[in-house]
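Lettering follows sequence order; numbering is per chain, from 1. The structure presented is a predicted model; accordingly, all values stated were derived computationally and were not measured.
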Protein chains: 2
Amino acid sequence: MDNHGPEAPMTALKSDPIGRTALAVEITNRLRQMILEGLLHPGEKINEKALTEQFGVSRTPLREALKVLAAEGLLDLIPHRGAVITRQSDAELAEVFRVLAALEGLAGELAAEMADDAALEEIAALTLDLRATYDKSDRPTYFRINQAIHKAILSAAGNDTLLRAHELLAFRVQRARYQANLTPDRWRAAVEEHEGIAAALLARDADRAGRLMKLHLLRKFDAIRAKG
Amino acid sequence: MDNHGPEAPMTALKSDPIGRTALAVEITNRLRQMILEGLLHPGEKINEKALTEQFGVSRTPLREALKVLAAEGLLDLIPHRGAVITRQSDAELAEVFRVLAALEGLAGELAAEMADDAALEEIAALTLDLRATYDKSDRPTYFRINQAIHKAILSAAGNDTLLRAHELLAFRVQRARYQANLTPDRWRAAVEEHEGIAAALLARDADRAGRLMKLHLLRKFDAIRAKG
DNA sequence: GAATTGAATTATGCATTCAATATTCTGTCA
DNA sequence: TGACAGAATATTGAATGCATAATTCAATTC
């Protein structure tokens with residue numbers, strides 16, 4: 001698996017081979033990472049000067065990075081008053097999840113329609129692994145495999161636009177660290193849902209795969225919300 | 001109706017009352033408009049100097065605007081080589097439409113679930129108007145009302161995240177001017193689809209409203225593709 | 001003692017300047 | 001005539017500087 005993770009989103013289509021990445025995109029990625037990891041707290045105001053000193057760059061590329069992150073919805077740019085990390089209300093979290101559910105539903109649908117057999121078998125295999133980690137109560141590995149499955153389905157859909165739209169929204173809920181808590185009931189149900197999805201994919205039942213993916217996301221959100 | 005249109009997307013949450021908009025956002029909007037209107041052609045390279053002279057500003061705010069538009073997917077930023085208007089292949093158009101269909105489907109679903117009666121009745125009324133313009137073969141008005149209905153449903157969904165995600169993708173297909181041609185058959189079918197959607201909304205049948213909206217979009221795309 | 005006004009400070013918005021890379025032009029050679 | 005090498009030019013990337021708006025803080029007034 002590629003290990004660049006969220007700090008290098010696939011936006012970088014044609015970055016030149018050697019480490020000659022533009023400062024602005026480097027800063028964008030670093031800042032996004034910091035926000036996602038919680039080093040910068042929602043509601044917190046960003047001080048340009050402090051960051052330029054921390055990064056050792058001038059304000060110009062930093063400000064360009066801020067514009068990009070604002071476009072991604074991670075920051076609010078308030079005229080003459082600077083950038084503020086967007087705070088996410090419960091209501092907004094609900095909004096985002098609803099959209100994510102629709103997008104992942106579409107991913108399931110498209111994966112069932114268009115993916116090649118190998119991709120679907122890989123997803124099925126991962127789902128077996130998921131069950132195994134559940135049986136062993138291995139939470140960290142479970143989370144990893146769960147992420148891998150979702151990513152695999154998104155990829156199998158073969159729609160970069162979908163991938164990008166999903167990525168943007170996923171950034172915004174990642175901060176919620178919604179995976180931190182998982183009740184036994186929810187855990188069991190989630191595994192079963194995944195098995196249902198894998199089955200639908202193998203059966204090439206696009207409609208069912210889509211519906212199950214969507215439901216899976218909505219249930220996941222219900223579980224998060226239940227915790228408060 | 002508010003008349004700021006696409007040149008002032010709802011990103012501007014807290015713009016200060018008096019006309020003191022930042023240059024960078026002004027330029028962003030102007031440039032986006034120019035791209036959407038086709039004044040800047042896909043594949044065309046953007047010359048910063050030329051644009052700074054045209055707008056009468058320095059390169060700094062212009063470059064910030066370019067970063068934002070690149071984040072929106074309207075431009076590709078190639079290191080040391082400048083910005084290029086993204087050209088949309090047929091494949092990409094198909095991708096975007098698929099996602100748009102999912103998003104509008106969600107909008108229909110949410111509108112049926114959450115909108116207040118007044119909003120739904122407004123949509124129903126607009127749908128009657130739509131039928132009337134169809135009967136009169138008044139294409140320009142038809143297009144206007146059609147747009148208004150879609151916008152009204154999106155708004156009725158009461159999900160700003162959905163609205164924003166939709167807006168971003170809508171920008172990208174707007175350039176296709178897919179409304180320019182409309183066969184008699186397709187036109188009739190579209191009106192009927194809209195009536196079905198309005199009925200589902202009034203019946204508060206979220207599932208049906210969602211499915212019909214999604215289908216409506218997919219059919220619209222089929223019609224575009226048929227033309228080539 | 002709390003509130004308010006105005007000066008001092010700080011931060012932001014934009015323009016300008018400098019540096020590095022890419023592109024174009026010109027002359028030479030095959 | 002066409003291809004190539006190298007200089008000249010243009011363009012992009014980043015830093016600095018300046019103007020303006022916002023924030024802070026102290027002094028004054030009620």
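Following rounding to the nearest Å, L62(A) (CG) and dC14(C) (C1') show an atom-to-atom distance of 15 Å. Atom pair R59(B):CZ and dT16(C):P shows a separation of 12 Å (rounding to whole Å applied). Between the C1' atom of dT12(C) and the NZ atom of K67(A) lies a distance of 10 Å, rounded to the nearest Å. For the pair E48(A) CD and dC14(C) C1', the computed distance is 12 Å after rounding to whole Å. Atom CZ of F55(B) and atom P of dC14(C) are 14 Å apart (whole Å). The distance between atom CD1 of I78(A) and atom C1' of dG13(C), rounded to the nearest whole Å, is 15 Å. Here the P atom of nucleotide dT10(C) and the CD atom of E53(A) are 13 Å apart, to the nearest Å. Between the CG atom of L75(B) and the P atom of dT12(D) there is a distance of 13 Å, given to the nearest Å.
For V57(A), the side-chain atoms get nearest to dA15(D) when compared with the rest of dT17(C), dA15(D), dA15(C). Side-chain proximity of R81(B) to the nucleotides dT23(C), dG13(D), dA15(C) is greatest for dT23(C). The K49(A) side chain lies nearest to dA11(C) when the options are dT11(D), dA11(C), dA14(D). Distance from the side chain of H80(B) is smallest for dT21(C) among the nucleotides dT21(C), dC14(C), dA15(D). Of the candidate nucleotides dT12(D), dA11(C), dG17(D), dA11(C) has the atom nearest to the side chain of N47(A).
Under 4.0 Å is where a charged nitrogen must lie from a carboxylate oxygen, and between E109(B) and K214(A) at least one such pair does. With respect to E113(A) and R98(B), a salt bridge is recorded, a charged nitrogen being found less than 4.0 Å from a carboxylate O.
A salt bridge (Lys or Arg N to Asp or Glu O under 4.0 Å) with R32(B) is found for one member of E167(B), E26(B), E72(B), E37(B) and no other, namely E72(B).
Taking 4.0 angstrom as the limit, K45(B) places none of its side-chain polar atoms (N or O) nearer than this to OP1 or OP2 of dA10(D).
Where I46(B) and T60(B) each meet DNA chain D at their nearest nucleotide, the meeting point lying more 5' is that of I46(B).
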Worksheet entry | Residue pair D222(B), R219(B): steps toward the salt bridge (Lys or Arg N to Asp or Glu O under 4.0 Å) verdict | CA-CA 5 Å; D222(B) 285 342; R219(B) 294 265 166 73; 5.3 Å; no
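H216(B) and H150(B) have parallel rings, their planes meeting at less than 30° on a 0 to 90° scale where 60° marks the start of perpendicular.
Evaluation of atom-type donor-acceptor distances gives no pair under 3.5 Å for the side chain of S58(A) against the base of dA14(D).
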